[in-house]
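A quick write-up on the structure given underneath.
For the single chain, residues carry numbers from 1 onward in sequence order.
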Amino acid sequence: MSGGQLRRDGQRPLHEVLRRQRAAEVAERPAGRHCWVRPPEGEPGPWPGVVVAWARGREGWRGRVVYVVPPEPGEDAVVVEAWVDARHLTPVLR
C-alpha cells in the first residue's frame with residue numbers, strides 16, 4: 001500500500017492520518033504573534049516578545065521567541081532569542 005491511497009476498507013493509513021493531524025496542530029499555533037514572556041519566579045516581568053516558530057516535544061509545546069529584557073538604570077536592553085515553554089507565553093490581546 002503506498003502513502004495517500006485508501007485501504008480496501010476505505011480508510012486512510014494511520015501514518016497519513018497522523019501527518020494530517022500534526023499539520024493541523026501546527027496551523028493552530030501561528031508564528032509571528034506578539035506575546036508576553038513570563039520570567040522565572042522572583043524576576044521582574046513580563047517581557048514583550050514575538051513568537052517566530054512553534055515545536056511540539058515530549059513535554060508539550062515550545063515557542064521560539066525573540067524578546068526584550070528592559071535595561072537596569074545605566075545599562076542597555078538585552079534582546080534574547082530562545083525556545084520557551086508555552087506555559088511561560090501569553091498572547092497579546094488586540
Side-chain angles (χ1 to χ4, degrees):
M1 166 187 338
S2 64
Q5 293 181 344
L6 296 178
R7 299 184 324 203
R8 288 184 185 158
D9 60 4
Q11 300 293 316
R12 293 213 176 272
L14 181 58
H15 68 86
E16 179 72 17
V17 172
L18 292 175
R19 184 182 64 78
R20 288 177 187 225
Q21 285 177 344
R22 285 188 202 116
E25 288 173 351
V26 170
E28 293 172 8
R29 298 268 184 176
R33 284 199 63 178
H34 289 93
C35 66
W36 292 106
V37 180
R38 289 190 313 272
E41 290 292 321
E43 292 193 35
W47 303 313
V50 176
V51 178
V52 296
W54 286 101
R56 186 173 185 179
R58 292 186 188 125
E59 304 295 320
W61 285 98
R62 300 183 71 175
R64 188 153 192 87
V65 183
V66 178
Y67 62 96
V68 177
V69 178
E72 295 290 325
E75 296 182 8
D76 292 332
V78 177
V79 176
V80 179
E81 181 219 354
W83 285 100
V84 177
D85 290 339
R87 68 179 186 267
H88 294 291
L89 302 175
T90 305
V92 172
L93 302 176
R94 293 181 187 193

Run the side-chain donor-acceptor check on residues 67-77: report pairs under 3.5 Å with partners two or more places apart or on a different chain.
none

Pair up each side-chain donor or acceptor in residues 78-85 with any protein partner under 3.5 Å, not counting sequence neighbours, and list the distances.
residue, atom, partner, partner atom, Å
E81, OE2, R64, NE, 2.7
E81, OE2, R64, NH2, 2.8
D85, OD1, R62, NE, 3.4
D85, OD2, R87, NH1, 3.1

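In this structure, the side-chain contact (heavy atoms from CB on, under 4.5 Å) partners of P39, at least two apart in sequence or on a different chain, are E43, W47.
Contacts classified as salt bridge (Lys or Arg N to Asp or Glu O under 4.0 Å) and involving residues 45-54 (residues at least two apart or in different chains) are not found.
Across all non-hydrogen atoms, the minimal contact from H34 to V50 is CD2-CG2, 3.7 Å. The two atoms that bring W54 and A86 nearest to each other are CZ3-CB, 4.0 Å, heavy atoms only.
Proximity of C35 to V65: side-chain heavy atoms (C-beta onward) are separated by under 4.5 Å at one or more points.
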